[in-house]
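Being a predicted model, the structure only gives us computed values, none of them experimental.
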Amino acid sequence: MIIGNHDSDALKIIADKYVFAAVYQDEKGTFGDVNIPFSLASPKEAIAEEYAITLSESKHQCNPIAVSHDASRYVENVEPLFVDFFLDGELMQKGDEGENTPFQTVDDDGTRWSRHLIRLSYPAISQKSYKQDCSGIVAIEVSLVI
């Protein structure tokens with residue numbers, strides 16, 4: 001999983017790392033939760049005191065890995081994964097917009113900050129007789145409230 005950042009002059013999404021991997025846990029029969037901490041920063045010039053976070057995309061799937069030259073027979077076996085997305089402990093669905101939220105702290109220079117945590121929780125995923133590659137994408141949009 002990769003997190004991308006499209007900074008603006010009014011808002012930055014900051015994370016210590018931008019690539020995340022889920023580890024399969026045999027004893028649980030699924031991937032372990034993936035925790036994604038991030039911060040939001042907005043300079044005082046941006047004026048906004050609040051923001052809203054929207055889950056704009058959450059798409060996950062497992063694809064069989066072709067072990068023969070006839071890869072076309074594997075295409076129909078793509079399996080969607082229905083991963084639960086939590087923002088600060090609250091379950092969100094694609095398209096959900098969080099409440100208008102005030103920034104948590106203000107630096108001496110007027111920059112406003114907030115910290116958040118995304119947690120991805122995976123369903124049971126049974127092992128197959130063939131190899132699989134499971135991947136996904138999550139995208140959030142942050143809107144400043146003026």
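Under the 4.5 Å side-chain criterion, counting only non-hydrogen atoms from C-beta, Glu99 is not in contact with Glu90. Residues Leu55 and Val138 meet the side-chain proximity criterion, which asks for heavy atoms closer than 4.5 Å. Using a 4.5 Å heavy-atom threshold, the side chains of Ile125 and Glu79 count as separate. By the 4.5 Å heavy-atom criterion applied to side chains, Pro102 and Glu49 are not counted as neighbours. Inter-residue side-chain proximity for Ile140 and Phe85 is flagged as met; some heavy-atom pair is nearer than 4.5 Å. Side-chain contact between Val106 and Arg112: present, with at least one pair of heavy atoms (C-beta onward) separated by less than 4.5 Å.
Rounding to the nearest 0.5 angstrom, the gap separating the CD atom in Gln61 from the SG atom in Cys134 is 9.0 Å. Put simply, CG on Asp88 and OG1 on Thr101 are 8.5 Å apart, with the number rounded to the nearest 0.5 Å. The distance from atom CG of Leu11 to atom CD of Glu141, rounded to the nearest 0.5 Å, is 12.0 Å. One finds the CD atom of Gln127 at 5.0 Å from the CG atom of Asp26 (value rounded to the nearest 0.5 Å). Atom CD of residue Glu50 and atom CG of residue Leu144 lie 10.5 Å apart, to the nearest 0.5 angstrom. Rounded to the nearest 0.5 Å, atoms NZ (Lys12) and CH2 (Trp113) are 9.5 Å apart.
Under the 4.5 Å side-chain heavy-atom criterion for grouping Ile, Leu, Val, Met, Phe, Trp and Tyr, Phe86 is not connected to Leu81 through any hydrophobic cluster. By the rule that hydrophobic residues join a cluster once side-chain heavy atoms approach within less than 4.5 Å of another member, Leu120 and Leu117 end up as members of separate clusters. Criterion: ILVMFWY side-chain heavy atoms under 4.5 Å apart, direct or through other members. Under it, Leu87 and Ile13 are part of a common hydrophobic cluster.
Contact record, Ala22 with Gly32: CB-O, 4.3 Å, taken as the closest heavy-atom pair. Of all heavy-atom pairs between Ala15 and Pro37, the closest is CB-O, 3.9 Å. Considering all non-hydrogen atoms of both residues, Val19 and Lys17 come closest at O-CE, 3.2 Å. Heavy atoms only, all atoms of each residue included: Ala48 and Val145 are closest at CB-O, 3.4 Å. Heavy atoms only, all atoms of each residue included: Arg119 and Asn35 are closest at CG-OD1, 3.4 Å. Nearest approach of Ala10 to Ala46, heavy atoms of both residues: O-CB, 3.7 Å.
Put simply, the side chain of Ser114 never gets that close to the backbone of Leu40: no donor and acceptor are under 3.5 Å apart. A donor-acceptor distance shorter than 3.5 angstrom exists from the side chain of Gln104 to the backbone of Arg115, with no hydrogens or angles considered.
In this structure, Phe31 has its ring center at least 6.0 angstrom away from the ring center of His60.
In this structure, Tyr51 and Phe103 have tilted ring planes: the angle between them lies in the 30° to 60° band.
In summary, of the residues considered (Leu91, Asp33, Val34, Val83), a side-chain contact (heavy atoms from CB on, under 4.5 Å) with Ser121 occurs for Asp33 alone. Exactly one residue among Asp108, Asp107, Asp109 makes a side chain to side chain donor-acceptor pair (under 3.5 Å) with Thr111. That residue is Asp109.
For Lys128, the NZ atom is densely surrounded, since the number of other residues' heavy atoms within 6.0 Å is greater than 12.
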